[in-house]
**Student:** 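I'd like to ask some things about the structure below.
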Protein chains: 2
Amino acid sequence: MGLPDGAAEARAQGWRTLAALHARIEDELERALQKQHGLSVSEYSVLDVLARQDDYHLRMNQLSNAVVLSQSATTRLVNRLEDRKLLQRYLCPTDRRGIYTEVTEAGRELLDQAQPTHDAVLTSALEHAAELPELSPLVTALGKLPLTV
Amino acid sequence: MGLPDGAAEARAQGWRTLAALHARIEDELERALQKQHGLSVSEYSVLDVLARQDDYHLRMNQLSNAVVLSQSATTRLVNRLEDRKLLQRYLCPTDRRGIYTEVTEAGRELLDQAQPTHDAVLTSALEHAAELPELSPLVTALGKLPLTV
DNA sequence: ACTTCATGCTTGCATGCGCAATCATAGCGC
DNA sequence: GCGCTATGATTGCGCATGCAAGCATGAAGT
């Protein structure tokens with residue numbers, strides 16, 4: 001692929017490291033959020049993403065992209081959250097195919113409660129991972145990522 | 001948490017970036033491996049991990065850890081691969097509770113076929129991700145990870 | 001040897017996921 | 001307005017996963 005040969009193995013190893021770190025963190029997040037707030041990581045992500053939008057709403061499509069899930073999974077995810085009143089759907093006025101999703105007040109409250117848990121688990125998971133020699137370089141690299149302005 | 005306050009949001013953002021990159025890569029890998037070799041990412045990982053062991057075998061438990069899956073998922077994953085003759089189980093002679101798994105010749109052949117696909121997809125996925133401004137820093141960071149000796 | 005507890009793997013069950021098919025609305029050519 | 005295709009979301013279905021319970025083997029105490 002234009003790049004020297006040994007690079008393939010290097011990329012593969014980088015990917016394994018990334019995947020391992022991701023899996024560990026997600027595992028811990030999943031358990032903690034589920035246990036303490038009844039939220040899966042995907043559900044938390046949806047609320048988080050929506051709350052971070054300036055106008056608090058997104059279309060299903062954009063949501064799928066943001067959480068990297070299939071359309072169908074997104075539909076059902078939104079269903080679950082809507083059933084729990086954490087979320088509202090409403091038709092896009094200008095294009096009646098589109099559907100907007102918006103966090104409700106209850107949703108924001110739950111998110112506010114869950115955020116500290118999320119951050120704490122994340123911190124501890126990262127600290128924990130930093131102790132594993134094969135993961136620690138990636139952890140420190142993560143810490144040095146530039147923040148979007 | 002011992003660390004200054006704003007760090008929490010920085011960590012959260014790092015995590016979001018990591019998760020997004022991971023999801024995209026895994027998505028592409030999944031599709032390509034499934035289509036071209038009938039393997040899921042987990043299945044590929046198992047074969048890959050086993051083949052990378054010096055003596056080509058691991059216990060179920062170690063395998064669960066290596067691929068970060070639950071015990072039950074590992075059992076069924078190994079079942080599937082065993083049914084396809086890509087893998088063999090055999091009892092641990094010294095502790096009859098333990099079960100070793102070992103790649104078969106067919107398994108190694110399939111892995112050899114799949115590896116180029118895996119590497120190619122990985123490369124293109126990384127190149128693709130490097131074009132997204134929010135992911136590119138992590139991609140370059142990945143490339144700079146030290147290799148284990 | 002017998003009980004008790006720990007360890008390793010497997011099974012029952014419920015759930016979330018992706019794919020493909022489907023339905024509804026929009027946009028375009030005529 | 002009428003077809004035709006494109007786009008957005010939802011539903012049917014099969015499958016992989018996690019949790020918790022279960023079963024088998026090992027280890028330790030008596």
Side-chain angles (χ1 to χ4, degrees), chain A residues 19 22-36 38-46 57-84 87-102, chain B residues 19 22-36 38-47 57-84 86-102:
Chain A
H22 175 270
R24 278 166 197 281
I25 295 177
E26 187 169 52
D27 237 52
E28 291 195 39
L29 280 179
E30 178 72 34
R31 268 189 257 276
L33 289 176
Q34 192 62 254
K35 187 170 196 174
Q36 299 183 33
L39 285 173
S40 71
V41 172
S42 303
E43 289 163 352
Y44 178 88
S45 298
V46 167
H57 69 76
L58 277 181
R59 296 172 70 139
M60 298 293 290
N61 226 341
Q62 309 176 281
L63 208 49
S64 303
N65 258 305
V67 296
V68 195
L69 244 56
S70 69
Q71 283 192 329
S72 62
T74 307
T75 291
R76 291 182 242 250
L77 184 45
V78 167
N79 280 344
R80 292 197 297 274
L81 294 174
E82 192 179 28
D83 289 347
R84 289 170 63 184
L87 204 58
Q88 263 187 343
R89 270 186 239 241
Y90 60 93
L91 285 173
C92 170
T94 67
D95 180 346
R96 285 172 35 209
R97 292 170 303 183
I99 293 186
Y100 282 126
T101 51
E102 186 185 46
Chain B
H22 175 270
R24 279 166 196 280
I25 295 177
E26 187 169 52
D27 237 51
E28 291 196 39
L29 279 178
E30 179 73 35
R31 268 189 257 276
L33 289 177
Q34 193 62 254
K35 188 170 195 174
Q36 299 184 31
L39 285 174
S40 71
V41 172
S42 303
E43 289 163 352
Y44 178 89
S45 297
V46 168
L47 296 180
H57 68 76
L58 277 182
R59 294 174 71 139
M60 299 293 290
N61 225 341
Q62 308 175 281
L63 208 49
S64 303
N65 259 305
V67 296
V68 195
L69 244 57
S70 69
Q71 284 192 329
S72 63
T74 307
T75 291
R76 292 182 243 249
L77 184 45
V78 167
N79 281 344
R80 293 198 297 276
L81 294 174
E82 192 178 30
D83 289 347
R84 289 170 63 183
L86 302 174
L87 205 58
Q88 263 187 342
R89 269 186 240 242
Y90 59 94
L91 284 174
C92 170
T94 67
D95 181 344
R96 284 170 37 207
R97 291 171 303 182
I99 294 187
Y100 282 126
T101 50
E102 185 185 47

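Chain naming here is simple, since letters A, B, ... match the order of the sequence lines and numbering starts at 1 in each. What you see is a predicted model; the values in this text were computed from it and never measured.
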**Student:** Nearest to the B:Arg80 side chain among D:dG18, D:dA9, D:dA16, which nucleotide is it?
**Tutor:** D:dA16

**Student:** Hey, does B:Ser42 reach any base, or is it just sugar-phosphate, or nothing, if we go heavy atoms under 4.0 Å?
**Tutor:** sugar-phosphate

**Student:** Between the base of D:dG8 and the side chain of A:Arg96, is there any donor-acceptor pair under 3.5 Å?
**Tutor:** no

**Student:** Report which part of the nucleic acid B:Arg76 touches: base, sugar-phosphate, or nothing (heavy-atom distance under 4.0 Å, all strands).
**Tutor:** base

**Student:** A:Gln34 has an atom CD; how far is it from atom P of C:dT15, in whole Å?
**Tutor:** 11 Å

**Student:** Looking at A:Asn79, does any N or O in its side chain come under 4.0 Å of the phosphate oxygens OP1/OP2 on D:dT10?
**Tutor:** no

**Student:** Once the angle between the rings of B:Tyr90 and B:His57 is folded into 0 to 90°, is it parallel (under 30°), tilted (30 to 60°) or perpendicular (over 60°)?
**Tutor:** perpendicular

**Student:** With sugar-phosphate meaning primed atoms plus P, OP1 and OP2, does B:Leu77 contact a base, only sugar-phosphate, or nothing at under 4.0 Å between heavy atoms?
**Tutor:** nothing

**Student:** Would you mind reading off the distance between A:Asn61 atom CG and C:dA24 atom P, rounded to a whole angstrom?
**Tutor:** 19 Å

**Student:** Please check if the number of heavy atoms outside B:Arg24 that lie under 6.0 Å from its CZ is greater than 12.
**Tutor:** no

**Student:** Is there, by distance only and without an angle test, a donor paired with an acceptor across the side chain of A:Arg31 and the base of D:dG18 below 3.5 Å?
**Tutor:** no

**Student:** Rounding to an integer number of Å, can you tell me how far A:Gln62 CD sits from D:dG8 P?
**Tutor:** 10 Å

**Student:** Looking at C:dC9, D:dT10, D:dG18, which one has an atom nearest to any side-chain atom of B:Arg59?
**Tutor:** C:dC9

**Student:** How long is the line joining CD of A:Glu43 and P of C:dG16, in whole Å?
**Tutor:** 7 Å

**Student:** Can you see if the side chain of B:Arg89 gets near the phosphate of C:dT10 - specifically, an N or O under 4.0 Å from OP1 or OP2?
**Tutor:** yes

**Student:** What about A:Ser72, does its side chain sit under 3.5 Å from the base of C:dC19 through a donor-acceptor pair?
**Tutor:** yes

**Student:** Calculate the interatomic distance between A:Glu26 atom CD and C:dC17 atom C1'; express it in whole Å.
**Tutor:** 13 Å

**Student:** Take the protein atom CD of A:Glu82 and the nucleotide atom P of D:dT10, then report the distance between them rounded to whole Å.
**Tutor:** 9 Å

**Student:** Between B:Asp95 and B:Val68, which has a closest nucleotide on DNA chain D that is more 5'?
**Tutor:** B:Val68

**Student:** If you check every side-chain atom of A:Arg97, which of D:dT7, C:dC13, D:dT10 has the closest atom?
**Tutor:** D:dT7

**Student:** Starting at CD1 of A:Ile99 and ending at P of C:dC23, how long is that distance when rounded to a whole Å?
**Tutor:** 17 Å

